[in-house]
Amino acid sequence: MTTEQTAVLIVGAGPTGLTLACDLARHGVPVRLIDRRIAYHRESRGKTLQPRSLEILEDLGVAEQVVAAGTAHQVYRKYFDGAFVNDTDPVADQRPTPEAPFDSPVFLGQWRFEEILRDRLATRRVHPELGAELAGFTQDEDGVTATLDDGRRIRARYLVGCDGGHSLVRRTLEIPFEGRTGPAQTMVCGDVAADGLGRDHWHQWFTADGGIMLWPIPGTDQFQLQASPEPDEHGAPLPPSLEGFQRLFDRYAGMPGVRLRDADWLSTWRVNVRMADRFRAERVFLAGDSAHVHPIAGGLGMNTGVQDAYNLGWKLALVLMGQAGSRLLDSYDEERIPIAAWTLEVTSERLDRAMRAVREPGTGVEAAAVPTLGQGYRWSSLATGRATGVLRPGDRAPDAPCAAPDGSRVRLFELFAGPHFTLLGFGATAGRALAEVTAAHGNLVVAHAVGAPGQGGGYDIDDAGGHARRAYGIEEDALVLVRPDNHIALIAGGRDGGAVRAWFDGLR
């Protein structure tokens with residue numbers, strides 16, 4: 001049997017694997033994406049895409065479709081002991097700003113999010129291969145040989161396990177998955193239709209001893225149901241079922257005119273807090289749930305996997321294209337393990353807080369919301385140079401509205417979009433440095449001269465409102481190097497093109 005070839009083999013075609021495949025494909029990297037499922041699912045599962053993830057999806061070219069398909073500024077309708085308490089939008093006071101264009105999470109069924117990513121991937125002529133189950137793999141100095149359960153073999157330069165909490169990739173590597181799993185079932189879940197229930201709100205009924213929530217899944221007539229488990233006569237939790245869902249609804253909601261039907265994705269959930277002690281083993285990587293699992297509080301599940309993929313994709317691409325040495329791949333562990341550890345800690349704390357809060361009338365699960373735009377990699381070996389009064393190397397690069405020479409509006413995020421580095425040169429003295437860096441590394445970086453308000457020509461970006469300077473804390477001429485994943489690699493003086501060239505030389 002022949003051995004098929006690719007540059008990167010991704011195991012698991014969920015949100016993490018699809019995001020990574022989209023990122024690699026836009027770099028022109030040959031990629032294979034396999035999944036053991038024989039058909040695409042229609043389950044709501046993870047439903048929250050945080051503003052930072054929306055910024056990533058904008059870079060990948062799908063944010064507009066995600067926002068159009070989902071619900072932003074979701075209104076939570078809260079009840080206690082069956083009585084209506086209030087309607088709230090937890091982010092009602094937030095508005096888009098010049099630095100951050102997304103002011104609300106977007107709620108969207110996971111199946112629809114995956115569909116949007118698959119459609120985007122198809123524009124690169126890459127399609128997930130269903131019914132392709134990994135049986136095992138071996139690796140050597142040059143690559144990884146994966147064997148599928150049907151006997152086929154795929155040879156890849158690198159393999160990435162995006163195959164979930166029970167990851168075969170992680171288990172094959174014998175990487176410990178330390179943490180804890182709750183002793184008891186915490187919740188039952190499912191997708192159901194609910195005749196007679198309005199679809200404009202996320203309904204949340206709570207009592208002192210439990211509750212049930214129904215969230216309307218956009219683009220369908222279904223709701224995602226989450227509820228306290230139903231005990232049997234011995235106090236043990238019953239398995240989820242439509243009949244059980246109806247009993248739970250009648251108990252907590254007390255709305256006899258509402259009937260549930262067409263239940264699918266019947267599932268249970270218990271507290272599971274675990275993390276791999278490393279995300280890389282030579283030429284094999286872990287991302288998403290295969291690397292870390294955590295409580296659902298805060299809606300960070302899909303997001304953490306999407307952000308793992310966004311961090312890893314450009315690094316794999318540069319190494320595969322010969323533009324960086326393999327040491328760059330060490331920064332994946334260096335940057336993402338602390339973020340995963342933080343996520344486990346904060347979601348565990350938020351779950352405890354939410355479980356206490358819902359026992360008080362008028363308090364719902366918004367108590368578990370977690371801001372993520374401030375996350376960055378200040379500790380990274382890739383973060384060098386000086387700080388400004390606002391930012392440090394490693395931070396997320398902010399957006400800002402500017403103007404092109406013809407007067408048309410252009411955002412910094414539009415300049416960053418794509419698989420390249422971006423070098424911003426603020427002020428008159430930065431021009432020479434921009435030219436030097438472009439001459440040395442023009443295959444990696446796109447440079448832009450940013451003019452100050454009221455300055456003359458010679459700039460391709462006019463910071464007419466001063467938004468870019470304020471967002472980046474620029475008070476004097478400066479160079480800002482932005483990575484392909486829109487984090488700041490370096491901040492230097494406007495004349496210091498040598499610092500930028502040295503940063504790129506350090507990738508070798």
Side-chain angles (χ1 to χ4, degrees), residues 3-12 16-17 19-33 134 137-146 154-163 167 169-170 172-175 276-288 290-291 305 307-340 377 379-384 393-394 419-421 440-441 443-445 481-487 489-490 500-508:
T3 300
E4 303 166 28
Q5 304 286 330
T6 192
V8 179
L9 176 63
I10 301 172
V11 183
T16 303
T19 300
L20 179 58
C22 286
D23 200 12
L24 289 169
R26 71 174 181 164
H27 281 87
V29 172
V31 59
R32 296 275 296 271
L33 180 59
L134 181 70
F137 61 88
T138 59
Q139 60 175 316
D140 53 46
E141 291 183 358
D142 299 318
V144 184
T145 301
I154 301 175
R155 179 70 173 174
R157 296 278 300 281
Y158 294 96
L159 183 148
V160 185
C162 304
D163 51 340
S167 171
V169 174
R170 187 190 64 245
T172 301
L173 294 170
E174 298 182 345
I175 292 178
D277 66 359
R278 62 190 189 279
F279 295 176
R280 180 191 181 191
E282 302 299 334
R283 290 180 171 272
V284 181
F285 298 82
L286 303 174
S290 65
Q307 292 163 29
D308 284 347
Y310 195 52
N311 183 282
L312 180 59
W314 69 273
K315 298 172 182 178
L316 280 172
L318 260 61
V319 172
L320 286 163
M321 294 186 294
Q323 295 171 323
S326 61
R327 288 185 307 166
L328 177 62
L329 300 176
D330 293 336
S331 67
Y332 176 62
D333 261 7
E334 179 187 10
E335 293 182 345
R336 292 308 295 173
I337 283 179
I339 295 294
Y377 308 120
W379 59 85
S380 173
S381 59
L382 299 180
T384 61
H420 57 265
F421 289 83
H441 301 288
N443 60 332
L444 286 175
V445 64
L481 180 63
V482 180
R483 302 173 0 173
D485 63 350
N486 295 4
H487 283 81
L490 175 143
V500 182
R501 297 197 308 274
W503 192 94
F504 280 115
D505 290 342
L507 294 177
R508 297 291 181 176

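Predicted model, so just to flag it, every value in this text is computed and none were measured.
Within 6.0 Å of atom CD in Glu4, more than 12 heavy atoms from other residues, nucleotides or ligands are found, so the atom counts as buried in its surroundings.
Going from atom CG of Leu312 over to atom OG1 of Thr16 covers 11.0 Å, rounded to the nearest 0.5 Å. To the nearest 0.5 Å, atoms CG (Leu318) and CG (Leu444) are separated by 5.5 Å.
Applying the ring pair (Phe, Tyr, Trp, His ring centres under 6.0 Å) rule to His487 yields the partners Tyr377; only residues at least two apart in sequence or on another chain are considered. Applying the side-chain hydrogen bond (donor to acceptor under 3.5 Å, both in side chains) test to Arg283 and every residue at least two apart in sequence or in another chain returns nothing.
Using a 4.0 Å cut-off between a side-chain N of Lys or Arg and a carboxylate O of Asp or Glu, Asp23 and Lys315 do not qualify as a salt bridge. A salt bridge between Glu335 and Arg483 is present, with a side-chain N of the basic residue lying under 4.0 Å from a carboxylate O of the acidic one.
Across all their heavy atoms, Ala440 and Arg501 have their closest contact at CB-CD, 3.9 Å. The heavy-atom pair separating Tyr310 from Pro484 by the smallest distance is OH-O, 3.5 Å. Of all the heavy atoms in Leu24 and Leu316, the pair that sits closest is CD2-CB, 4.0 Å.
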Phe137 vs Ile154, test: side chain to side chain contact (heavy atoms under 4.5 Å, CB included). Steps then yes/no. CA-CA 9 Å; Phe137 61 88; Ile154 301 175; over 6 Å; no
Between Asp308 and Arg336, is the salt bridge (Lys or Arg N to Asp or Glu O under 4.0 Å) condition met? List the steps. CA-CA 7 Å; Asp308 284 347; Arg336 292 308 295 173; 2.7 Å; yes
Take Arg155 and Thr145 through the test side chain to side chain donor-acceptor pair (under 3.5 Å) and record every step on the way to the result. CA-CA 5 Å; Arg155 179 70 173 174; Thr145 301; 2.9 Å; yes
Step-by-step ring-ring contact (aromatic ring centres under 6.0 Å, His included) determination, Tyr332 to Trp314: CA-CA 11 Å; Tyr332 176 62; Trp314 69 273; over 10 Å; no
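Inspection of the Glu334 and Ser381 side chains reveals an N or O donor paired with an N or O acceptor under 3.5 Å. No side-chain N or O of Ser290 forms a donor-acceptor pair with one of Arg170 less than 3.5 Å apart.
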